[in-house]
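All ligand and atom numbering here is 1-based and tracks the order in the structure. Only this structure's heavy atoms are used, side chains among them; waters, hydrogens and symmetry mates stay out. Computed from a predicted model, the values in this text were never measured in an experiment.
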Amino acid sequence: MAAAEAAPGENLKINGQRLWDSLMEMAKIGPGIAGGNNRQTLTDDDAKGRALFQKWCEAEGLSMGLDQMGNMFARREGTDPDALPVYVGSHLDTQPTGGKYDGVLGVLGGLEIIRTLNQLGIKTKHPIVVTNWTNEEGTRYAPPMLASGVFAGIHTQDWAYELADAEGKTFGDELKRIGWRGDEEVGARKMHAFFELHIEQGPILEAEDVDIGVVTHGQGLRWIECKVTGKESHTGSTPMPMRKNAGRGLAQITELVHEIAMAHQPNAVGAIGHIDVYPNSRNIIPGQVVFTIDFRSHVLDVLNAMVSRVEAEAPRLCAALGVDFESKVVGSFDPPAFDEGCVAAVRNAAERLGYSHRDIVSGAGHDACWINKVAPTSMIMCPCVDGLSHNEAEEITPEWAEKGANVLFHAVVDTAEIVA
Ligand code: HGY
Ligand code: MN
Ligand code: MN
């Protein structure tokens with residue numbers, strides 16, 4: 001019996017070596033101090049990374065759009081100019097001690113799809129647009145997924161422009177300074193679908209020896225910025241009963257956050273990653289501590305219960321210590337459920353390619369979580385070594401990158417419809 005006719009594009013594969021070489025080339029920009037990256041948003045290194053991405057896109061004949069939040073849109077024309085484009089991408093900005101693949105794999109995986117289509121001379125009905133979303137990480141400017149959030153109508157552009165970093169530099173000024181503020185209205189673009197390839201940033205896929213994560217849902221997130229205020233005084237001459245030590249508030253709330261998350265296992269997580277101590281002098285009792293609680297769960301009721309409990313108990317803990325407590329939510333999104341049609345496109349692609357795969361909930365937040373509100377969206381995940389991410393030792397294998405990009409490729413071209 002003749003082999004079943006391959007469906008259009010069934011044997012399509014990306015060039016894994018070319019993708020890996022591009023990942024390594026991009027990793028040279030904004031190097032970290034331990035083999036990873038520090039290419040934080042709106043820094044000169046971010047500008048250099050953007051310029052390299054633009055150069056690669058122009059070499060493939062793509063037209064580059066740039067909106068007023070610095071989101072980059074590299075477009076490959078389809079045969080039907082009226083068809084809404086299929087978008088594919090992620091982010092090029094990194095954590096201060098970030099890895100080489102978080103976000104970057106999704107942007108350069110999208111570019112690799114274009115390179116392969118051009119090389120094979122394949123046309124698609126729908127245009128394809130490779131995207132770099134500004135400030136996904138939310139480290140320098142909270143909240144995370146800022147520019148995709150403005151694009152999805154979650155935040156206003158004016159509010160985003162006024163966000164200030166630790167040195168008081170505003171997002172709007174820095175975007176203009178690095179020369180990447182475009183004229184295009186943010187969110188005006190309409191999408192046929194959006195796909196994001198991302199490393200798992202957790203241990204499940206590697207532990208189960210599974211190549212592909214078919215992402216059905218994401219966790220919801222709450223970032224609560226807390227300020228505990230005591231009184232600076234001499235660590236040597238101030239009698240213990242007279243002290244108003246803001247550091248003790250931080251210590252007790254750190255334990256409270258851990259206890260609250262542990263009370264909601266197996267799906268909740270909680271920690272404090274950002275801490276500023278004032279005046280941070282060895283012989284001054286901390287007068288003020290500012291820190292951010294990061295709670296996550298894919299169950300909305302659990303997420304809300306964790307926030308309610310810390311907002312009820314933290315003030316009481318601090319009052320007992322003789323220090324003041326105040327807080328505000330600085331980042332928030334509810335658990336997203338991705339589009340079933342796009343999730344099926346990812347699952348079918350993994351099946352067709354013969355890759356091991358499993359449904360998975362994303363532990364990290366992604367631009368896809370916001371784009372999911374304005375277009376059919378889903379994600380593909382590949383394993384990462386020891387599940388480690390947001391650490392310069394973040395690592396993946398070329399094979400994982402290639403398989404993830406192949407699934408992305410098939411999901412995108414199936415949705416963009418190859419014109420034989
Ligand atoms: O915080 C997050 O989940 C994302 O990595 N910015
Ligand atoms: Mn990311
Ligand atoms: Mn990240």
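- The shortest separation from a heavy atom of His366 to ligand 1 is not under 4.0 Å, leaving the residue out of contact.
- Residue Glu137 does not count as close to the Mn ion (ligand 2), with no N, O or S atom under 2.8 Å.
- The number of heavy-atom neighbours closer than 6.0 Å to CZ of Arg347, taken from other residues, nucleotides and ligands shown, is above 12.
- Among the backbone and side-chain atoms of His390, an N/O/S atom is found under 2.8 Å from the Mn ion (ligand 3).
- Put simply, CH2 on Trp56 and CE on Met26 are 5.0 Å apart, with the number rounded to the nearest 0.5 Å.
- Remark: among candidates Glu136, Arg296, His91, Gln201, the nearest residue to atom 6 (N) of ligand 1 is Glu136, based on non-hydrogen atoms.
- Counting heavy atoms of neighbouring residues, nucleotides and ligands inside a 6.0 Å radius, atom NE2 of His274 exceeds 12 of them.
- Ligand 1 is never approached by Gln95 to a heavy-atom distance shorter than 4.0 Å.
- For the residue pair Asp294 and Trp223, a side-chain donor N or O sits within less than 3.5 Å of a side-chain acceptor on the partner.
- Taking both residues in full, the closest heavy atoms of Glu136 and Gly365 are given as OE2-O, 3.1 Å, listed atom of the first, atom of the second, then distance.
- Per-residue contacts place Glu137 under 4.0 angstrom from the following atoms of ligand 1 (heavy atoms of the residue considered): 5 (O), 6 (N).
- Ligand-side atoms of ligand 1 in range of Ala364: 3 (O), range being under 4.0 angstrom from any heavy atom.
- For a threshold of 3.5 Å applied to N or O pairs, the pair formed by Gly365 and ligand 1 contains at least one separation below that value.
- Aromatic ring pairs are classed by plane angle as parallel below 30°, tilted from 30° to 60° and perpendicular above 60°; the pair His91 and His198 is tilted.
- For Lys244 and Glu232, the salt-bridge test fails: no basic side-chain N is under 4.0 Å from an acidic carboxylate O.
- Between the Mn ion (ligand 2) and the N, O or S atoms of Asp102, the shortest distance is to OD1.
- Among the backbone and side-chain atoms of His366, none of the N, O or S atoms lies under 2.8 Å from the Mn ion (ligand 2).
- The pair Lys100-Glu394 does not count as a salt bridge, with every side-chain nitrogen at least 4.0 angstrom from each carboxylate oxygen.
- For ligand 1, the atoms sitting less than 4.0 Å from at least one non-hydrogen atom of His390 are 5 (O), numbered in the order shown with element in parentheses.
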